[in-house]
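The structure under discussion appears below in the form of structure tokens.
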Amino acid sequence: MTNDNIPRDFIRKFIDDDLATGKHTEIVTRFPPEPNGYLHIGHAKSICLNFGIAKEFPAARCHLRFDDTNPIKEEQEYIDAIQADVKWLGFDWGQHLYYASDYFEKIYQFAEHLIKNGQAFVCDLTAEEMREYRGTLTEPGKNSPYRNRTVEENLDLFRRMRAGEFPEGVRVLRAKIDMTSGNVNLRDPVLYRVMHTSHPRTGNAWCIYPMYDYTHPISDALEGITHSLCTLEFEDHRPLYDWTCDNLPVPCHPRQIEFARLNLSYTVVSKRKLLRLVKEGKVSGWDDPRMPTLSGIRRRGFTPAALRDFCERIGIAKKDSIVDVELLEHCLREDLNESAARVMGVLEPLKVVISNYPEGTEEELTAQNHPKNPEMGSRQISFGRELYIERGDFMAEPAKKFFRLAPGREVRLRYAYIIKCEEVITNAAGEIVELRCSYDPATRGGDTPDGRKIKGTIHWVSAKHALPVEVRLYDRLFRQPDPESEGDFMDCLNPDSLLVLDQTLVEPALAAARPGVSYQFERQGYFCLDSRDSRPDHLVFNRTVTLRDTWAKVSGQE
RNA sequence: UGGGGGAUGGUCUAACGGUAAGACAGCAGACUCUGACUCUGCCUAUCGGGGUUCGAAUCCCUGUUCCCCAGCCA
């Protein structure tokens, strides 16, 4: 039966009921993107819902259908990218890949059916006139003067629309419903408009294209969709969805159910706004690792498993909400903590010379690839007289509760030795440029045979063996939790959302890193190779997310 | 009286007439060769007012408040 681990949201309960009452014996959902842009994390919620249901229920499937009814906005590039994103998220539509454009002929015939039944008419009102006739939210509209054309005239005109006899904008096909309806969507909505535009899939076969409200229920019905899930703003459109199914000889009448779209704190999730970020150069593109697009977060190092877990945890409801990004980060850390191999990388290096370590010698030490998972094995790391540690792991005048390196203090070098800071070397400007330390040969591997407690353990790299790389540190794109609410969202962009470090030194083993594989730089965070800008002679790593940092919280408060 | 939909801790989600639950965040502590992970404990909620009931987040009335809708976009 169904998976007990998945919470029973109201949609799944509807489906449970439909199965229990025998209304349906199989369940069919669909994910219906318009190929006019890239998928973002909001789409992930819908994908996980629709494809998730298909996976959970015994006889169920989910279709991927492109809602390609507006050729001026749609491109093959997006069709390809969307499929790649859905696959990456871990879902499979099998043979069920569809396009609304595949149904154009049927949709057209249905339109003639409506005309013949006196339920649709060709209207010559201009766009502006139609707006005037539509009325307002509080005042009813009035009938178009063309509303009473005969069936014959409508049929003739509509066929000539199809034949390309009219320029764009002069004639449309409208449903004949009710111009006085409180629901504006029912005030004789447009069904077809003329567009002398080539379509990515149908080419120049058509110069009239059906509208979403008319196309969607037909597409759903033709595919045998049982539950047509969409976002809240389509709630008002449901009467039209139902009207369409009720008045056409379609094979079934799917049930449209609406749920709240995903909003995330400190980010924007709307194609229009994301497009603006791209167009105004605030980010490097749709796949900028700071973007909430699937291509962006994939490049950033987010994992499909973390995304799926996230989508499951946020639930499905009808309440407008803003989910805390920290939940997303939590899901990510939880997944990455399990799977990422540990490695050492020094983001901002400070040179350390081990004064009592014999010059010209080096040795190999053993480091665990994952402390909680021995099956991931271990590796050898080189140790020598000259090392680099993180600048932030040394304080000339240590703050209270700071238990890393400071003058006269001891600290453990992870998997290596206990060292003690003997001398601090500064340059003419007074900046610390090097530390002279001594090491305790008895503590090889990091153990303390005498039982002494060393509170601090820090990461390091061997100066001689370290690999210089570029590292990109990302922070949230916006400074406000809800950038969409207050004024122009562009005004609260975080100027520090990207920090590029070019002095970073990492273990040489990272030369073999590949995109899509995450590493934990111990004590720093999770990183992955950048799939776009990294080159063999100039590796670029993206920081996916930091580790939780209690110390930053403590020290930041003082 | 335009139409449609919502209101449960800081955030998200459960409970569907019977002890308001979980997750995230936060706080305090334990553990630790990652100030990570893990573990323990704590904090904080039913929009207001009336009713019905032995008993209401849940049912009724009323008020408040938030969101969506006037594309030949989806």
Side-chain angles (χ1 to χ4, degrees), chain A residues 7-9 32-34 36 67-70 72-74 123 125-127 130-132 134-141 168-174 180-187 189-195 208-209 211-213 215-216 230-239 258 260 262 265 271 313-331 333-334 337-338 342 344 367-368 371-372 401-404 412-416 418 443 445-448 454-459 481 520-525 546-555:
Chain A
R8 297 276 93 183
D9 54 73
E34 181 188 14
N36 69 342
D67 230 322
D68 54 347
T69 58
N70 187 354
I72 63 172
K73 295 165 75 176
E74 297 153 5
C123 183
L125 252 26
T126 65
M130 202 179 296
R131 196 180 316 123
E132 288 162 16
R134 187 155 38 229
T136 70
L137 293 180
T138 53
E139 299 164 308
E168 295 182 11
V170 309
R171 281 196 234 270
V172 297
L173 181 75
R174 290 226 257 167
T180 67
S181 172
N183 183 344
V184 186
N185 295 117
L186 262 18
R187 318 240 261 231
V190 172
L191 265 24
Y192 265 94
R193 75 284 214 192
V194 175
M195 288 178 118
I208 57 172
Y209 293 94
M211 299 287 289
Y212 165 86
D213 280 322
T215 306
H216 208 84
C230 63
T231 44
L232 254 26
E233 67 270 26
F234 291 102
E235 211 149 14
D236 287 345
H237 297 238
R238 193 170 65 225
E258 311 83 12
L262 169 67
S265 62
K271 273 187 199 168
R313 292 202 202 201
I314 59 178
I316 300 292
K318 295 192 74 162
K319 183 174 70 167
D320 289 306
S321 61
I322 302 176
V323 176
D324 197 334
V325 269
E326 298 209 57
L327 177 60
L328 214 207
E329 292 172 354
H330 168 81
C331 294
R333 290 187 181 113
E334 193 170 82
N337 180 48
E338 287 288 312
R342 261 95 273 220
M344 290 198 281
Q368 300 300 312
K372 293 267 175 76
K401 292 188 191 166
F402 180 84
F403 49 77
R404 277 112 82 168
R412 173 187 292 107
L413 294 180
R414 179 88 157 145
Y415 296 125
I418 309 299
T443 60
D447 300 318
T448 49
I454 302 293
K455 186 97 169 117
T457 298
I458 65 175
H459 58 279
Q520 184 195 98
F521 287 15
E522 291 210 33
R523 305 206 309 128
Q524 298 285 180
T546 62
L547 251 31
R548 284 195 62 173
D549 191 350
T550 311
W551 167 247
K553 221 174 276 174
V554 172
S555 61

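Worth knowing before you read on, the calculation uses all heavy atoms, side chains too, and leaves out hydrogens, waters and symmetry mates. Below, chain A is the first sequence line, B the second, and so on; all start at residue 1. What you see is a predicted model; the values in this text were computed from it and never measured.
A:Glu334 is linked by a side chain to side chain contact (heavy atoms under 4.5 Å, CB included) to A:Asp309, A:Arg313, A:His330, counting only residues two or more places apart in sequence or in another chain. Judged as a side chain to side chain contact (heavy atoms under 4.5 Å, CB included), and not counting sequence neighbours, the contacts of A:Val325 are A:Leu264, A:Ser265, A:Tyr266, A:Thr267, A:Arg476. With sequence neighbours left out, the ring-ring contact (aromatic ring centres under 6.0 Å, His included) criterion links A:Phe521 to A:Phe527, A:Phe541. Applying the side-chain hydrogen bond (donor to acceptor under 3.5 Å, both in side chains) criterion to A:Asn36, with sequence neighbours excluded, gives A:Glu34, A:Lys271. For A:Thr231, the side-chain hydrogen bond (donor to acceptor under 3.5 Å, both in side chains) test picks out A:Glu233, with sequence neighbours left out. Residues satisfying the side-chain hydrogen bond (donor to acceptor under 3.5 Å, both in side chains) test with A:Arg523, not counting sequence neighbours, are A:Asp393, A:His459. With sequence neighbours excluded, no residue forms a side-chain hydrogen bond (donor to acceptor under 3.5 Å, both in side chains) with A:Thr443. For A:Phe234, the ring-ring contact (aromatic ring centres under 6.0 Å, His included) partners are A:Tyr212, A:His237, not counting sequence neighbours.
Closest-nucleotide positions on RNA chain B for A:Glu139 and A:Arg404 were compared, and the one nearer the 5' end corresponds to A:Glu139. Across the interface with RNA chain B, nearest-nucleotide mapping of A:Ile458 and A:Ser321 shows A:Ser321 to be the residue nearer the 5′ end.
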Open item on the list: Each nucleotide in nucleotides 16-22 of chain B should get exactly one letter: B, S or -. Can you fill that in based on protein heavy atoms under 4.0 Å?
Closed with: B------
TODO: Between protein and nucleotides 64-74 of chain B, map the contacts as a letter string: B base, S sugar-phosphate only, - none, heavy atoms under 4.0 Å, written 5' to 3'.
DONE: ---SBBBSBBB
Task: Nucleotide-resolved protein contact map, nucleotides 39-47 of chain B, B/S/- at heavy-atom distance under 4.0 Å - done: ---------
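One can place CG of A:Asp9 at 10 Å from P of B:rA15, the figure rounded to the nearest angstrom. Atom CD of A:Glu329 and atom C1' of B:rC12 are 15 Å apart (whole Å). If you measure from atom CD of A:Gln368 to atom C1' of B:rA36, you get 16 Å, rounded to the nearest angstrom. The nearest whole Å value for the distance from the CD atom in A:Glu235 to the C1' atom in B:rG5 is 5 Å.
Between A:Arg238 and B:rG4, a side-chain N or O to OP1/OP2 separation shorter than 4.0 Å is absent. Note on A:Lys455: every side-chain N or O is 4.0 Å or more away from OP1 and OP2 of B:rU32. Taking side-chain N and O atoms only, A:Arg548 has a distance below 4.0 Å to OP1 or OP2 of B:rA25.
Rounded to a whole angstrom, the distance from the P atom of B:rC37 to that of B:rC27 is 13 Å. For the C1' atom pair drawn from B:rA15 and B:rG63, the interatomic distance equals 26 Å after rounding to whole Å. Rounded to the nearest Å, the gap between the C1' atom of B:rG55 and that of B:rU40 is 36 Å. For B:rA56 and B:rA23, the P atoms lie 28 Å apart once the distance is rounded to whole Å. If you take atom P in B:rG4 and the same atom in B:rU62, they sit 16 Å apart, rounded to whole Å.
Checking side-chain atoms of A:Thr136 against main-chain N and O of A:Glu139 turns up a donor-acceptor pair under 3.5 Å. Between the A:Ser321 side chain and the A:Val323 main chain, no donor and acceptor come within less than 3.5 Å of each other. Distance alone, capped at 3.5 Å, is enough to place a donor-acceptor pair between the A:Glu74 side chain and the A:Asn70 backbone. Using modelled atom types, no side-chain atom of A:Asp324 and backbone atom of A:Leu327 make a donor-acceptor pair closer than 3.5 Å. Under a 3.5 Å cut-off, the side chain of A:Arg187 and the backbone N or O of A:Arg134 do form a donor-acceptor pair. A:Asn183 places a side-chain N or O within 3.5 Å of a backbone atom of A:Asp236 that can act as its donor or acceptor partner.
Listed nucleotides: B:rU8, B:rA36, B:rG35. Nearest to the side chain of A:Phe402: B:rG35. Residue A:His330 places its side chain closer to B:rA25 than to any other of B:rU13, B:rA25, B:rC12.
Nucleotide B:rG71 is shown with a syn base, its glycosidic torsion being within 90° of 0.
For A:Gln520 and B:rU34, a side-chain-to-base donor-acceptor distance below 3.5 Å is present, hydrogens and geometry of angles not being considered.
A heavy-atom distance below 4.5 Å is found between the side chains of A:His216 and A:Pro32.
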Task: Watson-Crick and G-U pairing of RNA chain B written in dot-bracket, each distance under 3.5 angstrom, with | for inter-strand partners - done: .((((((..((((....[..)))).(((((.......)))))....(((((..]....))))))))))).....
